[in-house]
Protein chains: 2
Amino acid sequence: MKATIKDVAKLAGVSFKTVSRVINREPSVGDELKERVWAAAKELNYQPNISARQLRGASSFIAFIYDNPNSHYVIEMQHGLLAECRAQGYELLIHPLSAGSGDIMADLEQLLSTGHIAGLVLTPPFSENPALIDALRQRQLHFVRIVSASDDPAESEPCIYVDDYQAAFDITDYLAGLGHRRIAFLGGEDIHRSSVARRDGYLAALQQNGIAVDQALIVPGEFNFDSGAERTRRLLALQPVPTAIFAANDEIAAGALFSARIHQVAVPQELSIVGFEDSPFSRQTWPKLTTAHQPNADIAGCAASHLIASIRASRNGSPGSGTDQALPANGFRPQLVVRDSTCPAPQ
Amino acid sequence: MKATIKDVAKLAGVSFKTVSRVINREPSVGDELKERVWAAAKELNYQPNISARQLRGASSFIAFIYDNPNSHYVIEMQHGLLAECRAQGYELLIHPLSAGSGDIMADLEQLLSTGHIAGLVLTPPFSENPALIDALRQRQLHFVRIVSASDDPAESEPCIYVDDYQAAFDITDYLAGLGHRRIAFLGGEDIHRSSVARRDGYLAALQQNGIAVDQALIVPGEFNFDSGAERTRRLLALQPVPTAIFAANDEIAAGALFSARIHQVAVPQELSIVGFEDSPFSRQTWPKLTTAHQPNADIAGCAASHLIASIRASRNGSPGSGTDQALPANGFRPQLVVRDSTCPAPQ
DNA sequence: GGAAGACATGACAACGTTGTCATGACAATA
DNA sequence: TATTGTCATGACAACGTTGTCATGTCTTCC
């Protein structure tokens with residue numbers, strides 16, 4: 001039926017232990033053997049038996065911890081994670097949590113108590129929750145965090161940085177370049193560092209372009225449509241009215257678009273709107289949204305790859321598995337995508 | 001750390017095999033021993049090790065098979081499945097597939113070859129692919145299908161029905177009730193039965209309302225934004241122009257909305273548009289979409305519950321587990337949600 | 001040139017469980 | 001009473017993997 005490690009060993013003409021070593025990327029296997037084993041494994045379509053592996057102690061599930069909403073983000077992440085995990089012989093367990101409910105750690109305990117979890121992939125806001133991170137650290141768990149680059153980078157665990165600051169700077173600078181001077185910023189919840197980082201990038205770009213900060217144009221709120229719509233309603237009542245809105249994500253931007261439409265403000269002629277994330281529906285609004293593209297699947301794949309490397313490193317004793325194979329860079333910078341919701345400032 | 005079967009055996013003063021027998025409710029264990037073993041198990045808070053058990057044969061994973069796109073649908077399904085699976089002691093494995101690529105079965109083989117999969121949850125279009133279903137049936141696998149009610153209901157496996165036909169009838173009847181006579185239908189790919197069923201419901205409602213079918217108003221295409229936009233562009237060039245569009249899902253509807261906007265056709269005053277699915281963005285368009293709400297999480301939970309029941313029934317030999325516990329009804333009918341994209345026909 | 005280390009590989013046990021068979025006790029039958 | 005059958009229980013192997021240790025080979029350094 002299904003090929004076992006022994007079948008592979010037989011075909012490759014080595015001991016089954018050597019196959020185990022190759023599969024787990026342990027150092028100190030000859031190159032020729034390595035190749036023979038991989039070839040044999042491929043030919044037999046070998047997949048390690050997770051149960052057996054777990055039984056022996058090494059758990060081989062990666063748990064993906066995420067907050068409920070924001071479905072396209074989650075789906076893209078899942079795809080990236082799945083691809084990388086499968087490629088490396090791990091399975092993915094998805095574990096949505098509600099950021100609101102207080103007993104996050106209790107919920108996680110239960111997940112971990114099964115003893116099958118080799119590591120965790122954390123997304124905001126969990127990846128930026130110091131109490132949670134500390135608890136995980138004390139339990140000596142492997143995890144990787146996907147965070148905003150503004151976060152303190154001096155960590156022992158692997159960490160993937162998304163440079164929200166720079167991307168926000170790029171966006172705001174682009175708007176300023178179009179002649180906009182009254183640029184509003186609609187943030188998200190501040191427990192998401194990305195919201196803070198995007199605001200900081202926005203502020204830096206204003207300064208660089210010699211634009212004075214107007215606190216009335218910086219409206220705190222939530223990462224969702226309704227919050228975007230409501231805040232835009234208030235912005236449009238200001239005198240003088242802003243000529244551009246930088247929304248901290250596409251959902252907020254969609255809400256802004258909606259409100260502009262209600263109040264018969266022409267986008268982009270009278271009001272430019274920029275989102276963030278390049279979610280699918282940013283291409284399905286009218287006008288199509290200018291936004292910053294975030295390669296979520298790649299980010300997730302990178303996270304998985306770093307996490308697995310860290311798990312393996314700790315298994316083979318810490319010594320320099322450095323040469324094993326190059327890990328992808330752990331920094332990402334979302335790229336501005338110009339569509340139809342922005343244009344030069346009126347007059 | 002965790003108590004094993006041997007610890008229990010030691011405490012109860014029996015062989016570990018006897019404990020195994022008691023735990024698995026095998027017959028032929030003395031009553032006194034049975035009690036001693038249960039007491040010991042309880043005292044040590046014994047939980048069988050799933051990995052070890054799987055290694056020996058029994059599997060306890062449910063795999064969720066779905067097509068890539070349509071992310072909110074997938075996420076909602078996942079949540080429903082997770083809740084039910086966890087509650088029943090199973091774990092969920094997600095497995096996206098590309099409906100386009102030819103070797104679906106080959107991909108599945110690989111998943112199944114691990115031997116950890118107790119059953120499959122299939123969504124369209126996989127749940128409606130006869131070749132695939134046949135292959136699964138021959139492999140004697142447990143699975144549950146989520147399909148359109150138009151599907152042939154005489155099956156041996158559990159099946160969850162979504163009554164697309166009736167929901168589409170409701171929508172079309174509602175439009176007719178608003179005085180619309182030229183109602184267009186924008187379908188999806190016909191390998192999705194739901195597309196066919198929705199068209200059939202549309203046709204039936206036209207007939208009931210004494211409206212002649214105009215083939216020019218029934219435009220085949222795909223379940224996505226671009227296809228909706230393109231087809232609407234063509235519809236708007238017709239003479240006389242349709243006064244309402246029934247789109248087979250929200251994405252198509254969003255495309256229709258986009259095209260109407262481009263061609264400066266007022267929605268809903270000149271053109272009513274209805275979607276299907278009630279995806280989050282149907283509340284974030286302008287105007288907000290009238291659509292049919294589909295309780296995806298509930299549907300998924302129901303599917304999991306039926307699947308697990310079927311798995312358990314086959315394990316304990318087939319005999320009458322009928323009284324075990326009531327299963328939820330396996331039929332769902334999406335409900336019309338009226339928002340702002342529809343109104344009485346002009347004139 | 002010989003000793004000491006580094007490296008590559010293999011033999012074997014162990015993980016916790018269930019299936020198979022063997023054992024012994026006791027009851028039922030001839 | 002001797003024989004067979006049934007029942008309760010236990011000993012042991014097996015599942016597929018990884019960790020530990022042992023073995024052998026090839027460098028390197030004095």
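Residue numbering restarts at 1 for every chain, and letters A, B, ... go by the order of the sequence lines. Below, each value reflects all heavy atoms present in this structure, side chains not excepted, and no hydrogens, waters or symmetry copies.
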J.: Taking all atoms of both residues into account, what is the closest heavy-atom pair of B/L82 and A/P96, and its distance?
T.: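 Looking at all heavy atoms of both residues, the closest pair is CD1-CD, 3.3 Å.
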J.: Please state how far atom CD1 in A/I23 lies from atom P in D/dG19, giving the value in whole angstrom units.
T.: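 After rounding, the gap between these two atoms is 14 Å.
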J.: Measure from NZ on A/K34 to P on C/dA8 and round the result to the nearest Å.
T.: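 A/K34 atom NZ is separated from C/dA8 atom P by 8 Å.
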J.: Ion pair present between B/D134 and B/R137, side-chain N to carboxylate O less than 4.0 angstrom?
T.: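 So B/D134 pairs with B/R137 through a salt bridge.
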J.: Do A/R21 and D/dG19 share a donor-acceptor pair, side chain to base, under 3.5 Å?
T.: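 Looking at the base of D/dG19, it does not pair with any donor or acceptor on the side chain of A/R21 (distance under 3.5 Å).
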J.: Salt bridge or not for A/R86 and A/E91, using N-O below 4.0 Å?
T.: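 Salt bridge flag = yes for A/E91 with A/R86.
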J.: A/R53 side chain N/O closer than 4.0 Å to the phosphate oxygens (OP1, OP2) of D/dG16?
T.: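 False: A/R53 side-chain N/O out of range (4.0 Å or more) of D/dG16 OP1/OP2.
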J.: Counting the atoms with a prime plus P, OP1 and OP2 as sugar-phosphate, which does A/S20 contact under 4.0 Å by heavy atoms, base, sugar-phosphate, or nothing?
T.: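 Since a base atom lies under 4.0 Å of A/S20, the category is base.
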J.: The helix from C/dG1-D/dC30 to C/dA30-D/dT1: angle between its terminal axes, five pairs each, to 10°?
T.: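 Here the local axes at opposite ends form an angle of 40°.
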J.: Which atom pair, heavy atoms only, marks the closest approach of A/I104 to A/S98?
T.: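 Result for this residue pair: CG1-O, 4.5 Å.
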J.: The test is side chain to side chain donor-acceptor pair (under 3.5 Å); show your working for A/Q294 and A/E76 and say whether it passes.
T.: CA-CA 10 Å; A/Q294 219 173 326; A/E76 288 176 13; over 6 Å; no
J.: Send over the distance from A/Q47 CD to D/dC15 P, rounded to a whole Å.
T.: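 Those two atoms, CD and P, are 20 Å apart.
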J.: Under 4.5 Å between any side-chain heavy atoms of A/V147 and A/V162, yes or no?
T.: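 No, their side chains stay 4.5 Å or more apart.
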J.: Below 4.0 angstrom, which residues in residues 5-13 of chain B have at least one non-hydrogen atom near DNA chain C?
T.: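 Under 4.0 Å from DNA chain C: B/I5, B/K6.
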J.: Of the nucleotides D/dG16, D/dG10, C/dG10, which has the atom closest to the B/V14 side chain?
T.: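 Among D/dG16, D/dG10, C/dG10, the one nearest the side chain of B/V14 is D/dG10.
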J.: From the set D/dG10, D/dT9, C/dG10, return the single nucleotide nearest to any side-chain atom of B/K17.
T.: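 Among D/dG10, D/dT9, C/dG10, the one nearest the side chain of B/K17 is D/dG10.
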J.: Among the candidates C/dG16, C/dT9, C/dT20, find the nucleotide nearest to the side-chain atoms of B/N49.
T.: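 The nucleotide sitting nearest to the side chain is C/dG16.
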J.: Under 3.5 Å, is there a donor on one side chain and an acceptor on the other for B/H95 and B/D107?
T.: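 Indeed, the side chains of B/H95 and B/D107 share at least one donor-acceptor pair under 3.5 Å.
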J.: Just how far, in rounded Å, is P of D/dT17 from CD of A/E26?
T.: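 After rounding, the reported distance stands at 14 Å.
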J.: Would you say B/K10 has more than 12 foreign heavy atoms packed within less than 6.0 Å of its NZ?
T.: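 Not more than 12 within 6.0 Å, no.
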J.: Do any side-chain nitrogens or oxygens of A/S15 fall under 4.0 Å of OP1 or OP2 in C/dG10?
T.: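 Answer yes for this pair, as a side-chain N or O of A/S15 is under 4.0 Å from OP1 or OP2.
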J.: In this structure, how many angstroms lie between the C1' atom of C/dC7 and the CG atom of A/L33, rounded?
T.: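 Rounding to the nearest Å, CG of A/L33 and C1' of C/dC7 are 13 Å apart.
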J.: Round to the nearest Å and state the distance from B/R36 atom CZ to D/dG10 atom C1'.
T.: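 Checked: the CZ to C1' distance equals 14 Å.
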J.: Which of the following nucleotides, C/dC12, D/dG10, C/dG16, is nearest to the side chain of A/F16?
T.: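 When the side chain of A/F16 is considered, C/dC12 is the closest of C/dC12, D/dG10, C/dG16.
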J.: Looking only at heavy atoms, what is the nearest atom pair of A/F126 and A/D67, with distance?
T.: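 For A/F126 and A/D67, the tightest heavy-atom pair comes out as CE1-N, 3.5 Å.
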